[in-house]
Amino acid sequence: MKKEDTVKLISSEGMEFVIDKEAAMVSQTIRNMLTSPGGFAEAEHGVVTFPEINAVILEKICQYFYWSLQYSRGKETEFHIEPELTLELMMAANYLHT
Amino acid sequence: MSAQKKKAFQIEAFKHRVVVDPKYAEKTWKILEHAIHEIYNHNASGLSFEELYRNAYNMVLHKFGEKLYSGLVTTMTSHLKQISNSIEAAQGGLFLDELNRKWAEHNKAMQMIRDILMYMDRTYIPNTRKTPVHELGLNLWRDVVIHSYAIQSRLQAILLENVRRERSGEVIDRGLMRSITKMLMDLGPSVYQDDFEKHFLEVSADFYRLESQEFIESCDCGEYLKKAERRLNEEIERVSHYLDARSEVKITNVVEKEMIENHMHRLVQMENSGLVNMIADEKYEDLGRMYCLFRRVPNGLVLVRDVMTSYIRDTGKQLVTDPERLKYPVDFVQHLLDLKDKYDKIITSAFSNDKTFQNALNSSFEYFMNLNSRSPEFISLFVDDKLRKGLRGVTEEDVELVLDKVMMLFRYLQEKDIFEKYYKQHLAKRLLSGKTVSEDAERSLIVKLKTECGYQFTSKLEGMFTDMKTSQDTMQGFHASQDADIADGPMLSVQVLTTGSWPTQPITTCNLPAEILGICEKFRNYYLGTHTGRRLSWQTNMGTADLKATFGKGQKHELNVSTYQMCVLMLFNNADRLSYKEIEQATGIPASDLKRCLQSLACVKGKNVLRKEPMSKDIADTDTFLFNDKFTSKFFKVKIGTVAAQRESEPENQETRQRVEEDRKPQIEAAIVRIMKARRVLDHNNVVAEVTKQLQSRFLPNPVVIKKRIESLIEREFLERDKGLLAQELDNVLKLDFQLLNGEVSRQLLLLLSAGNREEYCEVVRNSIAVGFLGYRRSLVTAISGIGA
């Protein structure tokens with residue numbers, strides 16, 4: 001994957017997830033971050049830190065991004081969510097506007 | 001899921017910080033405030049979006065949205081105040097520049113702020129129904145910067161100044177203007193309109209008012225129109241470059257009003273260059289321009305059309321009443337055609353074929369053509385001229401063109417039956433003298449007339465053609481049937497004319513020479529042999545003859561003369577000199593005709609086969625004629641004046657007109673009867689209207705004449721006056737009960753009824769009832785009670 005097409009999402013524990021920009025843009029918040037005209041640090045370095053989201057959740061979120069893209073392209077599968085993750089996942093989703 | 005898993009299910013505690021710190025909100029806000037400052041100072045690159053976003057998120061989540069929002073408002077306002085000051089400080093030309101730059105920066109900052117405060121925008125604001133961040137930004141900008149006292153008026157002034165400069169021809173920075181106007185539009189359409197557009201339109205109106213005043217004093221119509229057009233285009237271009245598209249209509253209206261509408265009348269009436277002159281000089285470009293410009297203005301075209309119509313009518317009227325012109329009918333008609341062509345061209349090329357103008361033209365032509373009562377005659381003469389010689393050697397399409405144009409003029413005539421009469425006369429002369437250029441052209445014109453006016457109009461004309469053809473066949477038959485020995489005698493060619501189809505001619509006397517008589521008799525016998533029950537009479541005033549003549553020095557010529565002239569010349573076979581009286585007696589030709597034919601034989605230079613003593617131009621009763629031995633001519637065949645169709649002299653004209661009037665009477669009567677048969681009962685005005693409608697394709701009937709005809713029809717008992725319905729009914733009933741009535745009373749009643757005297761009638765009836773005459777018939781009683789009411 002080319003450097004320009006990816007972003008790095010870092011969880012609270014410091015775990016790094018490298019995903020396509022396209023996938024990341026599923027989240028409105030991340031999209032604004034990266035396209036904001038201000039020249040914020042995130043857009044410059046292609047790195048976003050989430051000190052309040054832990055790795056497990058962040059991983060699930062990344063999976064969700066890809067699933068969402070697949071779904072919109074026509075591949076209608078199910079997205080399985082473990083029940084114990086639901087609450088935190090919801091909070092993160094609210095935060096990320098996804 | 002297994003039970004094992006279920007046990008492991010735990011709801012973990014929130015990872016988010018619980019608000020222990022009372023100053024939490026204050027701290028968070030400070031971070032954000034700092035960030036906003038940095039953004040406005042273009043220092044945003046060092047900031048972490050996520051951090052700011054998270055902070056805003058938390059504030060809203062912990063119910064500090066209010067603080068966040070109001071904090072935002074305050075911060076932005078203070079920044080904008082700073083900006084406003086810096087703009088104010090800008091000098092002169094840099095003012096707009098500075099404003100524009102700050103606006104762009106503000107926009108950028110707005111977007112960034114909105115992004116980080118997205119969560120608040122999404123949740124808090126809809127809940128509390130406050131203005132969203134973006135809109136808030138615009139409103140604050142508007143209130144603090146644009147509407148700040150110093151800036152507002154200055155901005156307006158500079159913008160308008162720029163426009164004025166551009167109008168005077170200077171070049172201004174259009175891009176800058178565009179950004180500024182766009183900014184105003186973004187702030188809201190009312191801002192654009194109130195702050196700029198309104199004043200722009202006012203100023204423009206003043207400007208153009210002045211300018212148009214200047215122009216109209218100094219320029220003529222064509223130039224003024226050019227200038228007006230230029231300004232109009234300029235404004236349209238200006239709008240497309242740096243104004244809102246919706247302003248286009250408004251500013252064009254202003255220009256149109258000031259430059260065109262206010263001066264409309266003056267432009268059109270302008271001396272030496274106004275509409276009338278343009279038409280006369282055929283200035284198509286100027287006319288086209290006038291049309292386009294005036295079309296934009298209410299009533300503009302109406303004015304143009306009216307002026308044009310009155311001009312056409314006046315010039316037309318002049319033309320048709322000019323006695324000089326009327327001496328030469330062919331030229332007159334040609335002139336009319338040229339005029340029509342000219343106006344058609346103007347309408348197609350300059351007025352883009354506008355139908356209303358076309359209609360105006362048609363009605364004007366109709367108006368003035370019918371002012372001259374001799375128009376139908378002249379048109380027929382024109383056609384005659386064309387078909388005799390004008391169309392010689394012309395291609396078929398061009399022939400059609402000319403005939404179509406003539407038809408156009410024909411349509412304008414109101415008295416088409418007069419045209420028909422003249423046309424018949426002229427056609428007869430053409431056919432009989434064999435002078436028509438092209439039979440196809442003749443037939444084509446007949447077809448056109450038929451399409452225009454119906455079969456009735458042309459049936460007689462077609463009859464004439466048929467007669468000619470039939471005569472040809474008859475002649476062939478005649479010659480075939482004769483013996484060879486008649487080849488020595490004169491050769492006869494006869495056209496047999498059916499009396500109904502051809503124009504009526506008076507039967508004239510003429511003593512044909514013996515040689516001719518013989519062969520005429522033979523023909524008569526032949527013809528009556530094949531067509532019994534018909535009567536033939538020779539029309540000696542319409543024939544021609546070819547004579548072989550030998551003159552003094554032995555030169556032979558063939559003379560083509562009329563029948564009358566032939567009779568005269570044949571006399572000279574037996575005598576060398578004859579007096580007028582002798583000729584008159586011998587030939588039996590009526591005096592006026594004889595004088596005319598002698599004139600063409602003796603007085604025309606180059607064609608004088610006879611010599612006259614004395615050598616005067618007119619024929620007197622005392623003149624003597626001699627055979628002119630010394631006659632010479634370059635040609636072998638000499639044609640001596642056949643009478644071509646002339647424009648009628650006044651008395652002849654009167655006569656023809658009278659005949660036409662006479663012909664019209666039965667036509668009117670026929671129309672009346674037709675209408676009454678269909679309608680049964682109709683009041684006088686309606687009858688007149690219907691009759692006019694039916695006959696208008698031929699001529700315009702005079703209401704007085706119609707009234708006379710109605711009266712005549714009543715006299716002859718084709719029509720009767722209506723007595724009124726009740727009286728009618730009684731009338732019927734009375735007739736039924738006739739036998740019941742006393743003879744005297746009933747007679748009286750009938751008298752009263754026919755006199756239309758209802759009151760007295762009722763009196764008598766009532767008295768009769770009293771006396772018991774009428775019996776107790778129920779129907780009578782009801783009818784009478786009806787009158788009594």
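By the side chain to side chain contact (heavy atoms under 4.5 Å, CB included) test, B:E98 pairs with B:S86, B:I87, B:A90, B:R101, B:K102, sequence neighbours left out. Partners of B:F196 under the ring-ring contact (aromatic ring centres under 6.0 Å, His included) rule, at least two apart in sequence or in another chain, are B:Y192, B:F200.
When the shell of 6.0 Å around CZ of B:R178 is examined, it contains more than 12 heavy atoms from other residues, nucleotides or ligands. Around atom CD of A:Q28, more than 12 heavy atoms belonging to other residues, nucleotides or ligands sit under 6.0 Å away.
Counting only residues at least two apart or in different chains, ring-ring contact (aromatic ring centres under 6.0 Å, His included) contacts with residues 71-92 of chain B comprise B:H37-B:H79, B:Y40-B:H79.
Highest contact tally toward chain A, considering only B:E51, B:M112, B:E50, is held by B:E50 [criterion: heavy-atom pairs under 4.5 Å].
Each of A:T35, A:T29, A:N32 was checked for a side chain to side chain contact (heavy atoms under 4.5 Å, CB included) with B:D115, and the lone residue meeting it is A:N32.
A distance of 11.0 Å separates CD1 in B:I116 from CE in A:M33, rounded to the nearest 0.5 Å.
At a heavy-atom separation below 4.5 angstrom, chain A is approached by B:M118, B:Y119, B:R122 within residues 118-139 of chain B.
For B:I113, no part sits under 4.5 Å from any heavy atom of chain A, backbone or side chain.
In this structure, the side chain of B:Y53 engages the main chain of A:Y95 through a donor-acceptor pair within 3.5 Å.
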